[in-house]
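Single-structure report; data block below.
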There are 2 protein chains.
Amino acid sequence: MEDRKKNILRAIIDDYIETAEPVGSRTIARRYQLGVSPATIRNEMADLEELGYLQQPYTSAGRIPSDKGYRYYVDALMPQTSLSPRERELLWEQIQLQMSQAAVETLVHRAVRLLADMTSYAAVAMAPSIMDSVIKTVQFAPIDSRSVLLVLISEPGFVQHRIVDDLRSAVDESLLSYGRRVTALLRGMPFGSVPAVIREAIREIIREEELREALLEMITAGEKHDYTEKAYLEGSVNLMDQPEFKDVSKAKAVLTALEEPSRLLEMLSQNEGDTVVIGAENIIDDMHECSLVTATYHVKGRVLGTVGVIGPTRMVYNRAITLVDNVAAAVSEALSKVKI
Amino acid sequence: MEDRKKNILRAIIDDYIETAEPVGSRTIARRYQLGVSPATIRNEMADLEELGYLQQPYTSAGRIPSDKGYRYYVDALMPQTSLSPRERELLWEQIQLQMSQAAVETLVHRAVRLLADMTSYAAVAMAPSIMDSVIKTVQFAPIDSRSVLLVLISEPGFVQHRIVDDLRSAVDESLLSYGRRVTALLRGMPFGSVPAVIREAIREIIREEELREALLEMITAGEKHDYTEKAYLEGSVNLMDQPEFKDVSKAKAVLTALEEPSRLLEMLSQNEGDTVVIGAENIIDDMHECSLVTATYHVKGRVLGTVGVIGPTRMVYNRAITLVDNVAAAVSEALSKVKI
DNA sequence: TGTTAGCACTCTTGGTCAATGAGTGCTAAC
DNA sequence: GTTAGCACTCATTGACCAAGAGTGCTAACA
């Protein structure tokens with residue numbers, strides 16, 4: 001594509017992102033110094049429409065970008081930005097601060113809130129799936145003579161617990177050794193995939209049936225709710241400030257999709273790595289008027305989860321991308337400091 | 001108030017709840033067999049307006065109930081309802097079902113979701129504040145030579161845990177006895193208020209400073225986030241189906257208030273016991289066009305939390321009250337079965 | 001050949017106006 | 001005390017019109 005076309009397309013999209021109004025040739029000529037007349041711009045706009053980058057709500061209105069237009073804009077046209085030093089510092093500080101208490105969930109939750117506030121869009125996250133983490137230690141803590149607390153810790157800092165009560169036989173001293181022996185077997189195992197041999201060995205160790213079954217269930221069952229990914233959502237109401245959602249039914253469709261954890265997770269799982277999903281590219285139909293910017297956070301090279309921002313397709317992409325990337329990086333860094 | 005006035009007021013409110021349109025004398029005369037003519041009804045309506053139970057959006061429109069009108073309706077006029085046996089069974093079954101895994105949080109969360117689905121309004125809950133619960137047992141589980149998992153269980157089934165790592169000295173066998181000795185001291189203590197004597201005694205028992213401080217913090221500090229009440233919210237988007245929120249800005253104001261945990265908790269804390277808060281009675285300004293129906297759930301006579309429903313002031317009060325009461329009762333019953 | 005000015009045309013938006021109809025309050029008769 | 005009748009009010013609706021933004025096309029220009 002010729003440079004002039006690119007410049008015009010960029011100008012149109014920049015303007016539309018700012019104003020949310022169909023933009024006409026006159027506006028472009030006046031507001032952006034492209035050195036050509038409105039008539040020339042009109043000709044180019046007709047071309048760009050034919051190429052599928054722009055569309056016209058109706059004859060004799062200005063043009064608005066199509067999904068294809070946004071895609072090209074994001075991939076090639078968009079001016080690159082970075083955070084101001086002050087913003088960057090603020091953001092990292094906010095996130096590092098949370099690490100005082102080592103709760104992964106809280107950290108991610110706060111990060112999402114921060115992202116929502118800074119972008120004024122909706123912010124989401126998919127928290128680490130415990131299924132993908134590696135078992136660190138297993139402990140059996142006696143509560144009373146017939147109840148035991150089963151605690152399972154996995155990297156990086158997940159704690160799963162479960163109370164097993166109504167034991168048929170009273171717990172005795174052997175309980176204390178269970179922890180040591182079972183941990184020796186399970187340490188380093190990825191959650192979902194403990195080999196049958198090891199499961200068999202555990203059966204040998206733990207005599208109490210209820211205890212044994214509870215533990216086996218914790219380290220195998222993938223269907224159980226507690227083990228699947230957790231979704232976070234903050235600032236969804238921010239979307240209602242956007243003119244594209246001034247119609248309640250549109251707003252409702254989007255908010256409903258977001259409120260449903262399964263759909264949110266499906267959405268966040270649709271892509272690998274850092275991506276921008278624009279409009280109809282989204283697998284969720286109700287999200288076809290939205291765009292999604294995501295980035296993953298990791299510890300030691302292992303992907304743990306995803307954070308992202310959801311706004312109208314007319315979103316300020318460069319700012320959103322910058323913020324999402326920074327938050328993901330800050331979360332990664334904060335998690336890497338967790339000792340356990 | 002004379003019976004005829006009551007009947008007319010009831011008819012007007014019933015009709016308005018159903019249609020969301022200002023109701024006129026003709027409609028009442030036609031739809032409800034009150035044995036009087038529209039003209040008579042008009043006179044009564046004028047009276048009711050003067051008394052403050054009704055109001056007119058503008059001259060020569062029908063009447064709509066005022067907050068005072070709803071209040072009287074709820075307190076004295078409203079037809080009493082109960083769930084159909086099938087509904088009741090379904091509801092209780094759904095909630096009892098959750099008790100397989102003894103997580104209080106999950107139980108409440110599911111109950112709120114159920115309530116939202118059954119009422120088509122927004123449903124909320126304030127989960128048990130751990131501050132009000134009674135300590136059951138404390139355990140110290142070794143993770144590795146320099147890290148310990150501190151577990152604190154309180155009634156009814158709360159598990160708090162915290163990892164203490166980077167210990168200066170390696171943990172030794174004495175750790176095992178800590179649990180027994182500290183539990184003996186703390187059992188039965190209400191969370192927030194452990195006397196100084198006991199705290200002193202704990203200082204004597206636990207030599208490792210980091211461990212000691214972590215425990216003391218867990219059983220005292222009230223400011224820490226994890227210890228305060230937790231708010232649940234489901235189905236807030238349901239409100240957008242209500243004609244009173246066809247205006248996005250109104251919907252936004254309400255949803256924003258609901259999304260903010262602090263305001264939600266303030267709202268749920270404003271009253272004792274089972275209540276109906278109508279319109280402007282609500283302390284939260286943005287909720288003046290909504291009503292809130294709440295009920296508390298308890299275990300052994302101790303109030304643990306609140307569940308509720310939020311809808312427009314034009315809500316189907318009797319149905320909402322019935323459902324909220326049933327859910328609260330079912331949650332209480334389910335919780336009472338938790339052994340620990 | 002590419003660019004630009006000019007112009008007729010299209011289509012939305014916003015405003016006015018009148019007709020409609022639901023509903024009231026008042027008066028007088030029952 | 002109740003009701004029928006009637007004049008009056010006021011939001012809602014649809015038609016209609018003017019204004020304005022923007023386009024596409026044509027012809028002139030560099």
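Computed from heavy atoms alone, side chains included, the values below leave out hydrogens, waters and symmetry copies. Source: prediction; values computed, not measured.
Here the P atom of nucleotide dT3(D) and the CZ atom of Arg4(B) are 7 Å apart, to the nearest Å. Distance Asn43(A) CG to dG22(D) P: 17 Å, rounded to the nearest Å. Rounded to whole Å, atom P of dA21(D) lies 16 Å from atom CD1 of Ile28(A). Counting to the nearest Å, the P atom of dA21(D) and the CD atom of Gln56(A) are 17 Å from each other. Rounded to a whole Å, the CD1 atom of Ile8(B) is 12 Å from the P atom of dT24(C). Between the NZ atom of Lys5(B) and the C1' atom of dG1(D) there is a distance of 12 Å, given to the nearest Å. Following rounding to the nearest Å, Asp47(B) (CG) and dG1(D) (P) show an atom-to-atom distance of 12 Å. To the nearest angstrom, C1' of dT3(C) lies 14 Å from CD of Glu2(A).
Shown for residues 9-26 of chain B: no residue has heavy atoms falling under 4.0 angstrom of DNA chain D.
Look at Arg30(B) and you won't find any side-chain N or O under 4.0 angstrom from OP1 or OP2 of dA22(C). Contact annotation: Thr40(B) reaches the phosphate of dT3(D) (side-chain N/O to OP1 or OP2, under 4.0 Å).
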* To do: Step by step, work out the side-chain hydrogen bond (donor to acceptor under 3.5 Å, both in side chains) result for Thr294(A) and Thr275(A).
  => CA-CA 5 Å; Thr294(A) 59; Thr275(A) 47; 3.0 Å; yes
* Please report the C-alpha distance between Tyr32(B) and Asp15(B) in whole Å, then the side-chain angles of each, then the deciding distance to 0.1 Å, and finally whether the side-chain hydrogen bond (donor to acceptor under 3.5 Å, both in side chains) criterion is met. => CA-CA 9 Å; Tyr32(B) 303 80; Asp15(B) 202 80; 3.1 Å; yes
* Asked: Please walk me through it: do Tyr16(B) and Val23(B) pass side-chain contact (heavy atoms from CB on, under 4.5 Å)?
  -> CA-CA 6 Å; Tyr16(B) 185 69; Val23(B) 0; 4.0 Å; yes
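Taking a cutoff of 4.0 Å between a charged side-chain nitrogen and a carboxylate oxygen, Arg319(B) and Glu87(B) qualify as a salt bridge. Residues Glu2(B) and Lys5(B) are paired through a salt bridge, judged by an N-O separation under 4.0 Å between the basic side chain and the carboxylate.
Around the CZ atom of Arg113(A), the shell of radius 6.0 Å holds more than 12 heavy atoms that belong to other residues, nucleotides or ligands. With a 6.0 Å radius and a threshold of 12 heavy atoms from other residues, nucleotides or ligands, Arg71(B) has its CZ atom above the threshold.
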Please tabulate, one pair per line, each protein N/O and nucleotide N/O from nucleotides 7-10 of chain C that are separated by under 3.5 Å, including the distance.
from    : atom 1 : to       : atom 2 : distance (Å)
dT10(C) : O2     : Ser60(A) : OG     : 2.5

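Note: Glu21(A) CD to Thr27(A) OG1 = 10.0 Å, rounded to the nearest 0.5 Å. Annotation: the span from Leu233(A) atom CG to Met126(A) atom CE amounts to 14.0 Å, rounded to 0.5 Å. Separation of atoms CE (Met287(A)) and CD1 (Ile310(A)) is listed at 5.5 Å; rounding is to 0.5 Å. The CE atom of Met78(A) sits 9.0 Å away from the CD1 atom of Ile17(A) when rounded to the nearest 0.5 Å.
A cation-pi geometry, defined here as NZ or CZ lying under 6.0 Å from the six-membered ring centre and within 45° of its normal, does not hold between Lys250(B) and Phe245(B).
Both key distances under 3.5 Å define a Watson-Crick or G-U pair, and stretches of 3 or more such consecutive pairs in DNA chain C run C:1-30 with D:1-30.
Ranking dT3(C), dT4(C), dG24(D) by closeness to the Ser37(A) side chain, first place goes to dT4(C).
In terms of position on DNA chain D, the residue among Tyr58(B) and Ile41(B) whose nearest nucleotide sits closer to the 5' end is Ile41(B).
Counting non-hydrogen atoms under 4.0 angstrom, Ala61(A) reaches the backbone sugars and phosphates but no base.
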